[in-house]
Amino acid sequence: MASAAAATTSISSASSLPPHSHNKLSNPSSSSLRLSFSNSSLSLSLQKLFLSSNPNPRSSTILNVLKTVHGSELLSKSRDPDPLPQSHKPTILVSEKLGEAGLHLLRGFGNVECLYNLSQEDLCSKIAECDALIVRSGTKVTRQVFEAAKGRLKVVGRAGVGIDNVDLQAATEFGCLVVNAPTANTIAAAEHGIALLAAMARNVAQADASMKAGKWQRNKYVGVSLVGKTLAIMGFGKVGSEVARRAKGLGMHVIAHDPYAPADRARALGVELVSFDQAIATADFVSLHMPLTPTTNKIFNDATFAKMKKGVRIINVARGGVIDEDALVRALDNGTVAQAALDVFTEEPPSTDSKLVQHENVAVTPHLGASTKEAQEGVAVEIAEAVVGALRGELSATAVNAPMVPPEVLSELAPYVALAEKLGRLAVQLVAGGSGIQSVKVVYRSSRDPDNLDTRLLRAMITKGIIEPISDAHINLVNADFTAKQKGLRISEERVVVDSSPENPIESIQCGCELGGKSLILCRQVDQPGMIGRVGNILGESNVNVSFMSVGRTVRRTKAIMAIGVDEEPDKDTLKKIGEVPAVEEFVFLDL
Ligand SMILES: NC(=O)c1ccc[n+]([C@@H]2O[C@H](COP(=O)([O-])OP(=O)(O)OC[C@H]3O[C@@H](n4cnc5c(N)ncnc54)[C@H](O)[C@@H]3O)[C@@H](O)[C@H]2O)c1
Ligand SMILES: O=C(O)[C@H](O)COP(=O)(O)O
């Protein structure tokens, strides 16, 4: 837990003091409810109340948060802040071969079970005993696996980049974090891409097989040169960029297509970013480096092969599924595609009689892109650190289904993170008594350019704080947004530029909750016994039904605030009687 820096939260309304308010203070317009945070504790000190009975059926109460310093268990199942029983170590199932350095790290933290080649059935029966699962590309982590985990599985670690073998939607719904190891095998994959490119151009695999079959076919295996040829990189991410850098070194002209890649990164490498059609129409070699997603599934098909330059050569170290493999066989047969070098396949392993694998113009490797000693050790450590961090409840920089925040942003936002959750929690409990919220508006005030303010983590924490008190499910950063959507809760954000110190990423955060169809009496009073009963009796005598009541105070026997939800509007006499209770200093009826 980080050391305390006092912070102040104030609650105030969006509009000025309304006609229905009843105030016993001399200066009503400056009233505000102040909440202060110290370390991880929250204390509430009422100074003055400043509330609105807006005739508009929607009224919003706003909590303003200034800075504080807090640590937080961001990903723990929140109803059980320490989800791992002290007496047990967590159980970590490793279902595919992982580098020793990573295993060593994992063993220092939990009980590690390495069980390779599990059937889906065996994985499903084992998973209910596991807190974490580590996979590579060979394990299908399906919805059934998450269902079978019965809520125990907290994190799935993908020891590599591609997460197309993990059902992310199901993971999110079950509140299970998915992390990957996105950087450690980049160079290995890029080197393998270059190896396939060069080997294909010079028929290395075919010539090797021919010689081993006792032949000496020098004329048959005349290759093509790389220098001066155009290489199209499809997917200019980590691997694609490294392939581009190496191909430039071989004297190739490199172009790239990537709808999301920044042009300046391409320019810096001397690579021109072009459209999809332009890339495939002009390239002599096409190298695939995009992820497999619903959009890229079979993106290379009969139609796209038909647009390619006759005699094009294709390299795939990304995912088999981005190619329609039957269409590729047709394109190879009719000469549109001269050669292909493939490391990845739609089904892995492909059937032994696969026409594609057996094609004489195709060279294949069994998904070896990441398989160097160096990459495997690196990936193992990268994923072990991410999984251990997640089990400790820390936020992961490589989270795939939770807000992924770069380390520099994380360290800058750390002071606000725990407070953001408390802000949401407080807003929902204090304002709505735990129910009735229709939408939430979060306003960030900062001197930063709004494009330079990454608020995904703060939004997620506020959402978690809001949803948890009004949901039966275990809520964490992973499923907070999903659960909010399921409940029909709209959460919007606004960034307001203010003139303040640029050193502070955020000057204040406001969380406004909009309610529908609620009536509320808010009361500020001296904290003393019998207040709930006295006000409750007054309402009862007038046949006003109380739907909820919540009380908070700062210092014992000093000041308190009471929120009373009512089903019907009390008449003037009833409100007058409440105002006449000596300990009541100020109150207001809100028809929200
Ligand atoms: N063969 C292997 O062993 C091996 C090893 C490492 C990575 N990979 C695979 O390579 C792929 C790329 O890995 P990476 O680390 O470079 O990932 P990355 O996320 O850094 O790069 C992927 C790039 O593809 C781009 N992209 C997304 N949709 C696209 C589209 N429709 N058209 C063009 N580009 C698109 C993205 O903007 C991104 O820049 C992944 O599928 C990964 O699984 C395979
Ligand atoms: O996406 C990846 O990281 C690669 O395809 C590597 O997969 P692997 O871990 O199964 O070798």
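Each ligand, and each atom within it, is numbered from 1 in the order the structure gives. In what follows, every heavy atom counts, from backbone to side chain, and hydrogens, waters and symmetry copies are set aside. Bear in mind the structure is a predicted one, so any value in this text is a computation, not a measurement.
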Ion pair present between R246 and E242, side-chain N to carboxylate O less than 4.0 angstrom?
-> yes
Can K485 and D481 be counted as an ion pair, charged N to O under 4.0 angstrom?
-> yes
Can we say R107 and E100 salt-bridge, meaning some charged N sits less than 4.0 Å from an Asp/Glu carboxylate O?
-> yes
List the steps and the verdict of side chain to side chain contact (heavy atoms under 4.5 Å, CB included) for V357 and V362.
-> CA-CA 7 Å; V357 173; V362 174; over 6 Å; no
Nitrogen or oxygen contacts under 3.5 Å, ligand 2 side and protein side:
unit_1   : atom_1 : unit_2 : atom_2 : d
ligand 2 : 1 (O)  : R158   : NH2    : 3.1
ligand 2 : 1 (O)  : G162   : N      : 2.8
ligand 2 : 1 (O)  : R319   : NH2    : 2.7
ligand 2 : 3 (O)  : V161   : N      : 2.6
ligand 2 : 3 (O)  : N185   : ND2    : 2.9
ligand 2 : 5 (O)  : R319   : NH1    : 2.8
ligand 2 : 5 (O)  : R319   : NH2    : 3.1
ligand 2 : 5 (O)  : H367   : NE2    : 2.6
ligand 2 : 7 (O)  : R158   : NH2    : 3.1
ligand 2 : 7 (O)  : H367   : NE2    : 3.4
ligand 2 : 9 (O)  : R136   : NE     : 2.9
ligand 2 : 9 (O)  : R158   : NH1    : 3.0
ligand 2 : 10 (O) : S137   : N      : 3.1
ligand 2 : 10 (O) : S137   : OG     : 2.4
ligand 2 : 11 (O) : R136   : NH2    : 2.8

Under 4.0 Å from ligand 1, residues with heavy atoms, in chain and number order, are V161, G162, N185, A189, G235, F236, G237, K238, V239, H257, D258, P259, Y260, H289, M290, P291, T296, V317, A318, R319, D343, V344, H367, G369, A370
E272 with R267: basic N within carboxylate O range, under 4.0 Å | no
Ring centers of F276, F300 separated by less than 6.0 Å = yes
Would E382 and T398 count as having a side-chain donor-acceptor pair, cut-off 3.5 Å?
-> no
In terms of side-chain geometry, is the basic nitrogen of D208 or K212 positioned less than 4.0 Å from the acidic oxygen of its partner?
-> yes
Exactly one candidate in K154, K89, R392 meets salt bridge (Lys or Arg N to Asp or Glu O under 4.0 Å) with D131; the answer is K154
